[in-house]
2 protein chains.
Amino acid sequence: MTQPQSDTRTRILELTAGLFAQLGFAAVSMRNIANAAGLTPAALYHHFSDKVALYDATLEHVYRSRTEALRSVLDTNGQFSADTLHEFVLAFTKIVAKDKVFSRLLHRELLDGSAKRMERLSAQVFHDTFTRFEALLKALAPGRDPHLTANAMIAVILGHYGFAPIRRSLPGYMKAHDRPDVLANQLVQLVLTGPKQ
Amino acid sequence: MTQPQSDTRTRILELTAGLFAQLGFAAVSMRNIANAAGLTPAALYHHFSDKVALYDATLEHVYRSRTEALRSVLDTNGQFSADTLHEFVLAFTKIVAKDKVFSRLLHRELLDGSAKRMERLSAQVFHDTFTRFEALLKALAPGRDPHLTANAMIAVILGHYGFAPIRRSLPGYMKAHDRPDVLANQLVQLVLTGPKQ
DNA sequence: GTCTATAAACCGATAGAC
DNA sequence: GTCTATCGGTTTATAGAC
């Protein structure tokens, strides 16, 4: 667990993260992966028992490497301040906006993940962070259902960037709408202070 | 265009809508489709020039058949009332919550659609409805950016049900959160009246 | 409009040498 | 740890009979 993994194994996982994120599980072949890695297909089977195991390891690798930044935002701060909420929303928005590999794999799992993989995504990526996020909202917006509100905020962020290719060709679009800070500001203001009258 | 299409063609499209929605383009083979339709693969090529053309026709078929309900909600009502907004949000939420074929194909297109297909999705499904939705919000919530607000509401609805498999195993989950009317109510209240103090 | 038959390429996976 | 070679099966798509 803690000893350094094989360099080749890690290199393969960095590669498959991009390939699976871009094309999806079914559209990427072991041959594609081997060629991109400068290996033969047979060599892949030394590191991973089959294609599904390689996909699982890819998710594990991406989840682990992408959620630390998020965890730390909610970890260091024990108090329930609006600043902490804003900081968290902005951090999550930035990750979703900029890390296409992570966000595309996440969306693919939401579509095609088995119940077991869904459970792992929930436990490994969302559970702890979501629980703290909920507690924060309960303290800062006591009139709302914290679960529903936390979910709605996550849904806005994920949906905003997932929907971006459509959004950009709809009337009223501005470049500023793509900026994480603009979205985060609107979102926090909406939940905490209500509409400008 | 207006003459009745071949029965077999339509029957194939109803079938592929479900298959492509469930498994995605790459994971469904022409054999799968032919077997499910009680045909041989060769027969499919009489109706569609290749697999991509069949997929395109499937999207066209689904878009056309699913967006009429939505269009009519915003069409009949020329006035800008909160009731119209609520009615529209509820109608869209119900479609997303209940029509898995439509919503899964939509999510798959957002992930894998080419620029051309994305443009078609925007024009065929969203453009007119979104424009009216924006105008409604401009009248009812004048303090907000209507484009950003309309997008956020659509993102919440799409994200809420797309995120559902994770949401259900997170603390604070209640069955009521899955109900379209509960989500629609919260969403309209959030945008129009701000938080309960 | 659907069939049989088949081409040509690709798929995941394994055996065994080095 | 990576290779060569290969197996058995599947893929999209076409030719041509009915």
Side-chain angles (χ1 to χ4, degrees), chain A residues 1-61 105 108-109 111-114 116-117, chain B residues 1-61 105 108-109 111-114 116-117:
Chain A
M1 271 297 186
T2 47
Q3 76 265 32
Q5 302 274 11
S6 136
D7 271 358
T8 303
R9 190 188 138 98
T10 303
R11 192 168 55 85
I12 293 169
L13 293 179
E14 306 270 10
L15 192 76
T16 51
L19 287 173
F20 285 135
Q22 195 191 4
L23 302 167
F25 177 82
V28 176
S29 74
M30 296 299 269
R31 274 178 174 77
N32 298 155
I33 297 166
N35 290 343
L39 296 170
T40 58
L44 296 176
Y45 288 89
H46 173 77
H47 299 278
F48 309 95
S49 62
D50 58 23
K51 191 185 174 185
V52 170
L54 171 53
Y55 190 73
D56 275 346
T58 302
L59 291 179
E60 169 80 19
H61 176 75
L105 284 174
R108 291 197 187 282
E109 278 298 283
L111 270 172
D112 295 322
S114 63
K116 184 172 290 184
R117 288 219 309 254
Chain B
M1 270 296 187
T2 47
Q3 76 266 33
Q5 302 274 12
S6 135
D7 271 358
T8 303
R9 188 188 140 98
T10 302
R11 191 167 56 85
I12 292 169
L13 293 178
E14 306 270 10
L15 192 77
T16 50
L19 287 173
F20 285 134
Q22 195 190 6
L23 301 167
F25 177 81
V28 176
S29 74
M30 297 298 268
R31 264 184 175 77
N32 296 155
I33 297 166
N35 289 344
L39 296 171
T40 59
L44 296 176
Y45 289 87
H46 172 77
H47 299 278
F48 309 95
S49 62
D50 58 23
K51 192 185 172 185
V52 170
L54 171 52
Y55 191 74
D56 275 347
T58 303
L59 291 179
E60 170 81 19
H61 176 76
L105 285 175
R108 291 196 186 281
E109 278 298 282
L111 271 172
D112 295 322
S114 62
K116 185 172 289 183
R117 286 218 310 252

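Every chain is numbered from 1 and lettered A, B, ... according to where its sequence line falls, protein lines coming before strand lines.
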Check your understanding: If you take all heavy atoms of A/Arg108 and A/Tyr55, which pair is closest and at what distance?
Key -> CB-OH, 4.4 Å
Point to revise | Separation of atom CG in B/Asn35 from atom P in D/dT12, rounded to whole Å | key: 12 Å
Revision key, fill the gap. Tightest non-hydrogen contact, residues B/Gln22 and A/Asp112, listed as O-OD1, 3.9 Å
Review point. Among all residues two or more places apart in sequence or in another chain, which pass the side chain to side chain donor-acceptor pair (under 3.5 Å) test with B/Arg117?
Key: B/Glu109
**Study point:** Leading and trailing nucleotides of DNA chain C with any atom under 4.0 Å from heavy atoms of chain B
**Key:** C/dG1 to C/dT4
Would you be so kind as to tabulate the donor-acceptor pairs closer than 3.5 Å made by side chains of residues 14-21 of chain A, with sequence neighbours excluded?
residue : atom : partner : partner atom : Å
A/Thr16 : OG1  : A/Ile12 : O            : 3.1
A/Thr16 : OG1  : A/Leu13 : O            : 3.2
A/Thr16 : OG1  : A/Thr58 : OG1          : 2.9

Revision key, fill the gap. For A/Asn32, the side chain to side chain donor-acceptor pair (under 3.5 Å) test, sequence neighbours excluded, returns A/Ser29
Review point. Do any of residues 37-57 of chain A sit with a heavy atom less than 4.0 Å from DNA chain C, and if so which?
Key: A/Ala42, A/Tyr45, A/Asp50, A/Lys51
Check your understanding: Taking all non-hydrogen atoms of both residues, which atom of A/Ala27 and which atom of A/Leu23 are closest, and how far apart?
Key -> CB-O, 3.3 Å
Using residues 39-49 of chain B as the side-chain source, report each donor-acceptor pair under 3.5 Å to any protein atom, sequence neighbours left out, with the distance given to one decimal.
none

Review point. Which atom names give the shortest non-hydrogen contact between B/Ala57 and B/Arg9, and what distance separates them?
Key: CB-NH2, 4.1 Å
